Amino acid sequence: MAEISFPLPDLGEGLIEATVLEWLVAPGDQVERNQPLVEVETTKSAVELPSPQAGKVVRIHGGPGDKINVGEPLIVFEVPDNTAGIVGTVPKEEAPKRRVRLSAVLDED
Amino acid sequence: MSNSILEGAAAAGPARSAAATTTAATTTVMSMQQALNRALDEVLAENPQAVIFGEDCGRLGGVFRITDGLQAKHGEQRVFDTPLAESGILGMSVGLAMAGFHPIPEVQFDGFAYPAINQIVCQIARMNYRSRGTMPMPITLRVPSFGGIRAPEHHGESLEALFAHVPGLKVVSPSNPHEAYHLLKYAATRPDPVIFMEPKSRYWQKGDVDLAHCDADGGDPTGAKVMREGRHLTLVAWGAMVARCLQVAELAAEDGIDIEVLDLRWLKPIDAEALAASVRKTRRAVVVHEAPLTSGLGAEVAQLITQSCFDTLKAPVERVTGFDVPYPSGDLEDEYIPNIDRILFGIQRVLEYKRG
């Protein structure tokens, strides 16, 4: 298993920080992509941040009322090694259910 | 790959011979990613001139985690991040090599090597030649290669024929964790530039790695390697296609066809003797690669086999390859990369060939 950290993104144009209002997930939770993670408030508005990916939550940073700077760690996910940090997935290797059969008369000369 | 050596030793109990125990003691199960990481760690420890760099290679440890933890252990002077500029990464390698370093640069994905072709072909490959042997280029260029991870465009390519065509470059591709560990350690001690093509779809497959011995004969990891012995036909492959060919060989055995699988390993220079030795025995050959058919390395392999085995070949050497199209991205690559049925069809065409 590998860990992937998701830093607080810039939620507006040039915002530098956000305040945590409420965490909607906790360490140990299995989350799906786009599932709301946390509600934060910026100087512009309060927004829910969707999860950038699926994974198990390992750590969350900051409790309600805490300020987090843009670019600082917000949440850390645990993901299987074969999806860590890459731009693709490896299809499962399975024995074929149907396949081409070979036929040959082999003269052993 | 199975854990057969370890299981065998455990199952046999204390009465097992000393030789088997020694093998088990140096054999460990790891993924190719772990094997490559360990090899690089040891190269850094053994060679103070070795330096590793590339996009995200330092702090992050690479997008595939091949350099994971190496910066923390060996320092920012020896493992570091570069700007997002492949021509700069390889251009800097030339300068470092001139200054006596052994650069081990990474191009993050094979498709990103194209912007650095000038540095690779015009400088790295021929500096030793140009300088009459006074400026060797001991550069080990790691390139996560081939498809199989359903990635976007430029993240899955097969550049082996391109590199193999350039005089002055050596090209190698490991097929499993054991080969990855030994071939990388060997490549990183060469005085010549080596393009090290890592099959990215195999990074997470685990296998036995005998850290102390590369090959049964105890020699250097040069040349090709028979991965499975057989009598009726030789499948020639490299990189990720070796595992698929081994799978095909097991299926063919169900149909009574005994297939030999030859892992070419070195794509430049190609081990012509190993090709000849195998096909002299089996008298039939199919070469499998992911790269497009036309001017692919399969043509070179077919010619080398024909040259040495023309009189005894039962059929023309068959090629099962990718198609002459840009490497497709996403799920579409399943239609492009040689699959089990396409390899079996290739074998069948050879088996049923009639002369005249």
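Computed from a prediction, not measured in an experiment: that's the story for all the values here. Labels below follow one simple rule: chain letters A, B, ... track the order of the sequence lines, proteins then strands, and each chain is numbered from 1. Heavy-atom basis, side chains included; hydrogens, waters and symmetry copies ignored.
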Might you point out which heavy atoms bring [X] and [Y] nearest each other, and give the distance in Å?
X	Y	value
A/Pro91	B/Gly148	CD-O, 3.3 Å
B/Ser201	A/Val90	O-CG1, 3.8 Å
A/Arg99	B/Leu251	NH2-O, 3.1 Å
A/Arg101	B/Gln348	O-OE1, 4.2 Å

Roughly how far apart are A/Leu106 CG and B/Leu351 CG, rounded to 0.5 Å? 6.0 Å

Could you grab the distance from atom CG of B/Leu233 to atom CG of A/Leu102, nearest 0.5 Å is fine? 9.0 Å

What part of [X] gets closer than 4.5 Å to chain A, counting heavy atoms only: side chain, backbone, both or neither?
X	value
B/Leu60	neither
B/Glu352	neither
B/Arg284	side chain
B/Gln247	side chain

Does [atom1] belonging to [X] count more than 12 external heavy atoms closer than 6.0 Å?
X	atom1	answer
B/Phe345	CZ	no
B/Glu229	CD	no
B/Glu153	CD	no
B/Lys281	NZ	yes
B/His154	NE2	no

Tell me, out of B/Asp331, B/Asp341, B/Ile343, B/Ile347, who's got the most heavy-atom pairs with chain A below 4.5 Å. B/Asp341

